[in-house]
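Here's the structure, in structure tokens; my notes come after.
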Amino acid sequence: MTIRSLSSRSSSTQLYAWTLANLDDRLQGSRFLTDRRPAATPHTNEQRIYILGIGNVGRLFAACLAKLEARLPITLVVNRLELLQEWAKSPGVEMVRNGTSQRITEFDIEWWTDQPPPQGPIREPASGQTINNLIITTKASQALPQVDRLLPYLDQSSTIAFAQNGMCKLWPPLGAIYVKDRFPPGSEPSWLACVVTHGVTSLGPFKSLHASPAGVMVGSVSNSKSGPATSSSNFLSRQLCNAPDLEAKSVSQQQLWIAQLEKLAVNIVINPLTAILNCKNGEILVDRGDDLPKLIRTLLSETSQVFQALVEDASSESVLVDDDTRHESQCDSARLAMARAALIKRFSPDNLMAIVYSVGAKVAENTSSMLQDTLCGKPTEIHDLNGWLIETQKALCAGKSRLPVNQALIDLVTRGEKLGRKELCDYLLSFSPQ
């Protein structure tokens with residue numbers, strides 16, 4: 001992750017929050033403009049939840065949070081005008097689960113842009129006040145750039161939850177650099193990350209298939225404020241954990257860090273291989289007498305190499321011990337050594353292989369997000385998955401990269417290649433020194 005210099009929060013571009021009232025006059029009398037939910041009880045602005053990014057994960061979070069008994073105000077934030085116009089024509093988030101479709105229309109919806117609307121009310125995000133609860137479900141590459149855009153609306157009372165594939169970029173060591181560069185001391189938000197194991201497939205704008213119900217882990221990222229969680233972070237975490245069908249649970253920082261790494265191991269295998277082979281997830285785990293199992297093991301051997309180096313690095317000490325015992329007197333070098341030894345064993349190639357095959361069996365009939373992106377002609381997250389391995393290896397090993405098979409795989413996905421199993425295996429394994 002590269003760090004872009006910011007001279008001050010005030011240098012951020014002014015943003016405008018377009019609503020349905022800012023659209024063409026022909027829509028002004030539309031019944032679809034009444035999309036705001038009637039709250040069961042009065043709520044404060046501090047309780048409003050903004051969901052930025054309305055792809056599959058954003059729709060899942062929105063649909064589940066909308067079922068909370070408290071009926072909290074929720075604002076969906078789209079990334080282009082066309083989606084705001086699409087909502088005006090046919091409002092609602094539609095989720096298909098177990099053969100049953102449910103459409104929920106009780107949301108506010110906005111488009112945040114630096115372009116002032118030509119008509120209707122002129123407002124900033126959160127009416128120019130603090131955004132207290134923000135869930136960012138964009139692609140991983142856009143997560144921190146979105147935070148940068150919103151700097152004038154974020155402070156110590158804000159909580160930002162990230163929910164995307166790949167590692168959250170606020171873990172040590174670079175996370176502390178990012179926070180220090182953006183926020184004066186004591187003014188930084190609280191940071192949460194979500195590890196989502198649900199399988200969700202797009203069926204069109206604002207419509208998704210909840211193909212494989214699973215769960216979500218929610219926890220604080222290591223660079224969150226020291227000491228007890230803030231009331232804002234507790235509030236957002238509690239709503240996520242209480243949301244029906246989301247099956248979210250709160251975990252410690254160590255558990256969250258491990259879960260993100262293990263999910264990354266799954267994603268760096270299943271996502272790019274299915275994207276190139278143009279197949280369902282389960283197909284790559286079927287032994288057809290070729291070298292695909294060997295290729296998977298080679299990818300995971302390189303992954304294990306990076307994970308184990310990360311565990312050994314001094315920057316990771318803050319997350320090697322559970323939150324509850326981190327400040328105990330016994331938390332000395334011997335305790336850290338025990339934690340490191342356990343995680344090095346956990347991140348062995350054999351264990352990572354077992355995790356990939358276990359998760360793969362559960363999502364065998366799903367289509368990976370990377371294959372969905374390639375089929376739609378969208379950019380993939382390859383640089384935030386396998387690319388994260390390359391960049392972390394360079395950072396940990398003085399700029400040297402020794403992950404030739406992962407690098408060759410990144411190049412294939414970047415070029416949009418489609419290959420057969422034998423052709424793919426022969427090509428990638430030719431880069432392996434073994």
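Keep in mind the model is a prediction, meaning the values are calculated, not measured.
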request  = May I ask you to test the Asp155-Pro189 pair for a side-chain heavy-atom distance under 4.5 Å?
outcome  = no
ask   = Just by distance, with hydrogens left out, do Thr100 and Asn98 show a side-chain donor and acceptor under 3.5 Å apart?
value = no
inquiry  = How close do Ala275 and Met370 get, counting heavy atoms only, and between which atoms?
reply    = CB-CG, 3.9 Å
inquiry  = Less than 4.5 Å apart, side chain to side chain, heavy atoms only: is that true for Ile74 and Arg48?
reply    = no
ask   = Would Lys67 and Gln102 count as a side-chain hydrogen bond (donor to acceptor under 3.5 Å, both in side chains) if you check the C-alpha gap in whole Å, the side-chain angles of each, and the deciding distance to 0.1 Å?
value = CA-CA 11 Å; Lys67 298 177 184 177; Gln102 182 178 23; 3.3 Å; yes
message = Quick one, Thr137 and Leu60 - any side-chain contact, counting heavy atoms below 4.5 Å?
response = no
Exercise answer: donor-acceptor pairs, residues 375-383 side-chain atoms, under 3.5 Å, sequence neighbours excluded:
| unit_1 | atom_1 | unit_2 | atom_2 | d |
| --- | --- | --- | --- | --- |
| Thr380 | OG1 | Ile382 | N | 3.3 |
| Glu381 | OE1 | Asn165 | ND2 | 3.2 |
| Glu381 | OE2 | Ala140 | N | 3.1 |

query = Tell me the ring-ring contact (aromatic ring centres under 6.0 Å, His included) pairs involving residues 56-75, sequence neighbours left out?
reply = none
key: Polar side-chain atom of Asn133 near backbone of Glu46 as donor-acceptor pair, under 3.5 Å   = yes
request  = Could you point out which residue of Val93, Leu23, Ile54 forms a side chain to side chain contact (heavy atoms under 4.5 Å, CB included) with Trp87?
outcome  = Val93
ask   = Going by an N to O cut-off under 4.0 Å, is there a salt bridge joining Glu283 and Arg288?
value = yes
note = Separation between CZ (Arg297) and CG (Leu429), nearest 0.5 Å, reads 13.0 Å
query = Is Lys418 atom NZ crowded by more than 12 heavy atoms from other residues, nucleotides or ligands, each under 6.0 Å away?
reply = yes
query = Taking His198 for the side chain and Ala214 for the main chain, is one N or O donor matched with an acceptor at less than 3.5 Å?
reply = yes
Donor-acceptor pair, side chain of Asp245 and main chain of Cys64, under 3.5 angstrom = no
remark   = For Trp111, the ring-ring contact (aromatic ring centres under 6.0 Å, His included) test, sequence neighbours excluded, returns Trp18
inquiry  = Whether the side chain of Arg59 engages the backbone of Lys207 through a donor-acceptor N/O pair (distance < 3.5 Å, no angle test) should be reported.
reply    = yes
task = Drop me the distance from Ile135's CD1 to Leu192's CG, to the nearest 0.5 angstrom.
result = 9.0 Å
inquiry  = Leu261 vs Met167, test: side chain to side chain contact (heavy atoms under 4.5 Å, CB included). Steps then yes/no.
reply    = CA-CA 7 Å; Leu261 287 169; Met167 290 295 292; 3.7 Å; yes
ask   = Between Asp108 and Tyr50, does a side-chain hydrogen bond (donor to acceptor under 3.5 Å, both in side chains) hold up when you go through it step by step?
value = CA-CA 9 Å; Asp108 292 308; Tyr50 293 88; over 6 Å; no
request  = Indicate yes or no: at least one non-hydrogen side-chain atom of Ser432 is less than 4.5 angstrom from one of Glu302.
outcome  = no
request  = Please report the shortest heavy-atom distance between Asn366 and Gly199, naming the atom on each side.
outcome  = ND2-CA, 3.7 Å
inquiry  = Does any part of the side chain of Pro293, heavy atoms only, come nearer than 4.5 Å to the side chain of Tyr357, both counted from C-beta?
reply    = yes
note = Heavy-atom nearest pair, Leu203 first then Ser208, reads CD1-C, 3.9 Å
message = With rounding to the nearest 0.5 angstrom, report the CG to OG1 distance, Leu154 to Thr130.
response = 8.0 Å
task = List in chain and number order the residues that pass salt bridge (charged side-chain N to carboxylate O under 4.0 Å, His left out) with Asp291, two or more places apart in sequence or in another chain; answer none if no residue qualifies.
result = none
query = Taking it one step at a time, do Phe307 and Leu343 satisfy side chain to side chain contact (heavy atoms under 4.5 Å, CB included)?
reply = CA-CA 9 Å; Phe307 286 8; Leu343 287 177; over 6 Å; no
request  = Any chance you could measure Leu84, atom CG, to Thr113, atom OG1, to the nearest 0.5 Å?
outcome  = 11.0 Å
query = Quick one: which of Asp426, Asp290, Asp287 gives a salt bridge (charged side-chain N to carboxylate O under 4.0 Å, His left out) with Arg421?
reply = Asp290
ask   = Is the backbone N or O of Thr159 less than 3.5 Å from a side-chain atom of Ser190, with the two atoms forming a donor-acceptor pair by type?
value = no
key: Nearest-0.5 Å distance, OG1 of residue Thr303 to CZ of residue Phe347   = 11.5 Å
request  = Begin with the C-alpha distance, continue with both residues' side-chain angles, and end with the deciding distance and a verdict on side-chain hydrogen bond (donor to acceptor under 3.5 Å, both in side chains) for Asp350 and Ser348.
outcome  = CA-CA 5 Å; Asp350 285 343; Ser348 69; 5.4 Å; no
Side-chain donor or acceptor of Ser304 paired with backbone N/O of Leu300 under 3.5 Å = no
key: Leu352 and Val269: CA distance, side-chain angles, deciding distance, side chain to side chain contact (heavy atoms under 4.5 Å, CB included) verdict   = CA-CA 11 Å; Leu352 294 182; Val269 171; over 6 Å; no
inquiry  = Tell me whether Gln255 contacts the main-chain N or O of Ser252 through its side chain, where contact means a donor paired with an acceptor under 3.5 Å.
reply    = yes
request  = Scan side-chain atoms only and decide if Glu110 and Thr75 contain a donor-acceptor pair under the 3.5 Å cut-off.
outcome  = no
inquiry  = Using a 3.5 Å distance criterion without hydrogens, assess whether the side chain of Thr274 forms a donor-acceptor pair with backbone atoms of Asn281.
reply    = no
inquiry  = Around atom CD of Glu124, are there more than 12 heavy atoms from other residues, nucleotides or ligands closer than 6.0 Å?
reply    = yes
inquiry  = Could you check whether any side-chain heavy atom of Asp384 comes within less than 4.5 Å of a side-chain heavy atom of Lys169, counting everything from C-beta outward?
reply    = yes
task = To the nearest 0.5 Å, tell me how far Leu424 CG sits from Leu292 CG.
result = 7.0 Å
task = Test side chain to side chain contact (heavy atoms under 4.5 Å, CB included) on Leu170 and Val179 and set out the steps.
result = CA-CA 8 Å; Leu170 291 176; Val179 172; 4.3 Å; yes
Side-chain heavy-atom pair Ser250, Arg238 within 4.5 angstrom cut-off = no
Criterion side-chain hydrogen bond (donor to acceptor under 3.5 Å, both in side chains) on Ser101 and Glu94, from CA distance to verdict = CA-CA 7 Å; Ser101 178; Glu94 187 173 357; 2.4 Å; yes
inquiry  = Restricting to side chain to side chain donor-acceptor pair (under 3.5 Å), what partner residues turn up for Thr201, sequence neighbours left out?
reply    = none
ask   = Do you know the tightest heavy-atom contact between Thr138 and Gln164?
value = O-NE2, 3.1 Å
message = Can you pull out every ring-ring contact (aromatic ring centres under 6.0 Å, His included) where at least one residue sits in residues 118-141? Sequence neighbours excluded, please.
response = none
key: Side-chain donor or acceptor of Thr19 paired with backbone N/O of Ala21 under 3.5 Å   = yes
ask   = Less than 4.0 Å between a side-chain N and a carboxylate O, is that true for Asp114 and Arg149?
value = no
Contact check, side chains of Gln239 and Gln47, non-hydrogen atoms, under 4.5 Å = no
ask   = Any donor-acceptor pair under 3.5 Å linking the side chain of Ser237 with the backbone of Ser233?
value = no
